[in-house]
Amino acid sequence: MSPLLSGIAEVFQLLPLVAIFLGVVVGIIFGSIPGLTATMAIALCLPLTFGVDPVLSLCLLVGLFVGGISGGLITAVLINIPGTPSSIATAFDGYPMTRRGEGGRALGLGVFYSFLGTVVGWLVLFFFTPPLARMALTFGSYEYFAIAVFALTLVAGLSGGNMAKGLASAAIGLLIGMIGLAPIDGYRRFTFGWNALDGGLSLLPVLLGLFALSEVLKHAENRHEAAPAAIPAFRLKGFFGVTWPDFRTYFPNFMRSSAIGVGVGLLPGIGSGTSNLLAYMAARSASKEPESFGTGNPQGLVASESANNAGIGAAMVPLIALGIPGDATTALMLGGFLIHGIQPGPMLFTANATLVYAIFTALIVSAVVMLFVEYFGIRLFVRVLAIPKHYLLSAVTVMCVLGAYATNNRMFDVYTLMACGALGYAMLKFDYPFAPLVLGFILGPMIEKNLRSALMSTRGEFMPFLERPMTALFLGLAALYVLWTLFSGFRRSRAARHLAAPD
Amino acid sequence: MTPTRRKDLISGTVLLLLAIAVFARASTITSKFPTGVDSGFFPERCAAVLALLALAILFRALRREERGNDPAGSEDAVPAETGHACLVFAAMVAYAVLLPLLGFILATLLFIAAMLLLMSASGQRNLPAFAATTLIVTFAVFAIFTFGFGVVLPDGPF
């Protein structure tokens, strides 16, 4: 049986389908509650995948991803607070629609185009990944080094905040990743005689600490926040409130926004958090009535939700084909792979093509499940929003501690968790982005190993790196990007100074 | 001194010191093999880059004060209670310390109760609901992890 068919067969069994369903539901809950994110949901569920069949765990994680990105639209539309950054632009026109009494239609549109966007992303994943993986088979240490550096640079620059802080965060991630035995010669680095550190810091406690625990600490600052606003009543009518004439009208917008979502998703460093805004702005410029955007024009909603969901499949392309995650969420999915001893990358197609096709199948099934769950279950999710935060966050903390402990059955990982929670909180307070640190931590060993292998082949010379086209391309892009960002930042501050200084 | 500038000065200085310390440590690493670079190569380079970045951050913060404009420096509308966050962190650390001593169930019961009290505003303290939540969450998580996933949780005196 071909890997495609066996992959499909793996997913269409009871347990994997249940896993997808649970993943989507939990993802939507986390995605819709402001303060809890899709990334947190995946991080918390990673420990649940220990000792569980790889296909099952990947089904769960994919479901979480899809549910998480989509769930943000519910709160964005109903109470003008996006549950995740991927739905910021959804609120711009979704909330005015709710105020006009068209909340049901806004939700229906959002859900429907989330689904369609996911399908577009899935098509990209399905058709782009195999050829990319084949191309990657020709990659050597030089290429992997260059691509990983490029990805890291892009993430550093695009994570919000300024480039210097992003790069500093990446550097810290790289350094933390160096704790333990070095690649190639096994030298003990930065362990200070502590045997527990020989294996380095485990990925899961670091991720849980940074993403989940730091959020809990941040919430601890604002005990007195107001209770969630009352949710206005709404009704979902017809086929998601989308009529055939509507579909025809929105089609060009949908295609353009999905394309933006895919392009952004493919690039490392930016994802659904940016694509929804870009698509919204593009839709507004292309519209014949740009001033209606922001007052409840459905096109804005369509643009935002198509783009953010299209990014899901696209973001998984570099992860599966190259083994290089493009953002924090896919970095966590990589964690999910590694827990089961699976190394994504071109070799995965040769070694375990069934698993790859199972993942593809899981994505499209998740999209369908999300469609139905959101359509029938929206009222229940709205109910969950009313639960006071302290209940949820207490449970989240216990899950984090348990998850960290379960990694290696030792308390040391719990201490790592705490330390990273404190680090994450400090980073939040001092405005340093997380994503570069996570990517630095994950990609660091790969960068170093490939760099050192390559240098061993070239006897310490760096020029041979630039003689290889792909390597030169990616290193060149990385350098250009850094320079361009610095230059435009410099020009902006000079312009600001001109404006500020009185003549 | 605006908050943003102070924050950047602090973080820049800390990072610079960290980079120097790492560089110093890494330069003591020697090579095991005759070819290629030693295991100190990469840490040294990263530490050097970090030091440069820290200097850039410090420089930016100092220049911002001279120019006098700081668009992002306004105070928060609601002052953040950082001290309270530290208190919650202390509770988490206490939980980690007590886990091996008291075992999972006892430590978690205490911790969830403490968290619920710490994280809620005074008007929201529904004590019976807190007690119920503490018990339910502790035992549910215990059951899921022990029986569902076969993970052995820390044992206590019992």
Side-chain angles (χ1 to χ4, degrees), chain A residues 48 50-52 162 164-165 167-168 171-172 174-175 178 182 184-187 189-190 213 216-225 388-391 393-395 397-399 401-402 405-406 409 411 414-415 417-418 421-422 425 429-432 447-448 451-452 455-456 459-460 496-497 500, chain B residues 4 7-8 10-11 15 18 22 25-26 29 31-33 35-39 41-43 46-47 49-50 53-54 56-57 60 67-69 78 80-82 84-85 87-89 92-93 95-96 99-100 108 111-112 115-116 118-121 124 133 137-138 141 145 149-154:
Chain A
L48 297 182
F50 283 127
V52 166
N162 63 59
K165 286 188 171 174
L167 286 173
I172 299 176
L174 288 171
L175 289 174
M178 289 179 213
I184 302 199
D185 62 6
Y187 197 100
R189 294 190 296 198
F190 307 118
L213 229 56
V216 175
L217 288 172
K218 180 137 154 285
H219 278 281
E221 286 178 348
N222 306 316
R223 263 178 310 169
H224 306 284
E225 64 184 52
K389 290 270 174 48
H390 42 270
Y391 292 104
L393 292 174
S394 312
T397 317
V398 172
M399 293 288 293
V401 170
L402 264 194
Y405 179 78
N409 268 15
M411 287 306 293
V414 177
Y415 306 139
L417 169 78
M418 301 278 155
Y425 180 63
K429 300 300 283 179
F430 287 92
D431 303 317
Y432 283 77
I447 294 180
E448 183 176 9
L451 177 65
R452 290 173 68 175
L455 282 175
M456 282 213 278
R459 314 277 169 101
R497 239 183 310 153
Chain B
T4 316
K7 283 198 289 196
D8 281 0
I10 296 176
S11 61
L15 286 179
L18 177 70
V22 169
R25 182 88 188 174
I29 294 175
S31 187
K32 280 189 180 177
F33 298 141
T35 54
V37 292
D38 63 36
S39 289
F41 176 79
F42 199 56
C46 287
V49 169
L50 183 60
L53 292 166
I57 294 172
R60 219 172 196 260
R67 276 192 281 122
N69 64 329
V78 178
E81 299 177 56
T82 315
H84 191 251
L87 194 57
V88 171
F89 184 66
M92 291 177 184
V93 172
Y95 179 42
L99 254 185
T108 310
F111 177 68
I112 297 184
M115 278 292 275
L116 285 172
L118 279 174
M119 299 281 286
S120 55
Q124 299 172 299
T133 312
V137 171
T138 307
V141 170
F145 272 78
F149 303 113
V151 175
V152 178
L153 296 173

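Below, chain A is the first sequence line, B the second, and so on; all start at residue 1.
From B/M92, atom CE reaches atom CG of A/L417 across 8.5 Å, with rounding to the nearest 0.5 Å. A/Y187 contributes atom OH, which lies 8.0 Å from atom OG of B/S39 (distance to the nearest 0.5 angstrom). Remark: A/M178 CE to B/F42 CZ distance equals 4.5 Å, nearest 0.5 Å. Here the CE-CZ distance, from A/M418 to B/F89, works out to 7.0 Å after rounding to the nearest 0.5 Å. Taking NZ of A/K165 as the start and CG of B/L53 as the end, the distance is 12.0 Å to the nearest 0.5 Å.
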Using the rule given for side chain to side chain contact (heavy atoms under 4.5 Å, CB included), can you reason through A/I172 versus B/L15, listing the C-alpha separation, both sets of side-chain angles and the distance that settles it, and then say yes or no? CA-CA 9 Å; A/I172 299 176; B/L15 286 179; 3.4 Å; yes
I'd like to know whether B/F41 forms a side chain to side chain contact (heavy atoms under 4.5 Å, CB included) with A/L455, so could you lay out the CA-CA distance, the side-chain angles of the two residues, the decisive distance to 0.1 Å, and finally the verdict. CA-CA 11 Å; B/F41 176 79; A/L455 282 175; 4.0 Å; yes
Going through the distances and angles, do B/V22 and A/F190 end up as a side chain to side chain contact (heavy atoms under 4.5 Å, CB included)? CA-CA 8 Å; B/V22 169; A/F190 307 118; 3.8 Å; yes
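Checked against side chain to side chain donor-acceptor pair (under 3.5 Å), B/T108 has the following partners two or more places apart in sequence or in another chain: B/Y95. Not counting sequence neighbours, the partners of A/S394 by the side-chain contact (heavy atoms from CB on, under 4.5 Å) test are B/I112, B/M115, B/L116.
The two residues A/L175 and B/C46 make their nearest non-hydrogen contact at CD2-CB, 3.9 Å. The shortest heavy-atom contact between A/A168 and B/I57 is CB-CD1, 4.4 Å. Residues A/V398 and B/F111 approach most closely at CG2-CD2, 3.9 Å, considering heavy atoms. Smallest separation of non-hydrogen atoms from B/A96 and A/M411: O-CE, 3.1 Å. Among all heavy-atom pairs drawn from A/E448 and B/P43, the shortest one is OE2-CD, 4.5 Å.
B/K7 places no side-chain N or O within 3.5 Å of a backbone atom of A/D431 that could act as its donor or acceptor partner. For A/R189 (side chain) and B/A26 (main-chain N/O), no donor-acceptor pair under 3.5 Å exists by modelled atom type. Checked by atom type and distance alone, the side chain of B/H84 pairs as donor or acceptor with a backbone atom of A/A220 at under 3.5 Å.
Counting only heavy atoms from C-beta outward, the side chains of A/V216 and B/M119 approach each other to under 4.5 Å. Counting only heavy atoms from C-beta outward, the side chains of A/L402 and B/V141 approach each other to under 4.5 Å.
Counting heavy-atom pairs closer than 4.5 Å to chain B, the top residue among A/L174, A/I447, A/T397, A/L451 is A/T397.
Residue A/L217 touches chain B through both its backbone and its side chain, counting heavy-atom pairs closer than 4.5 Å.
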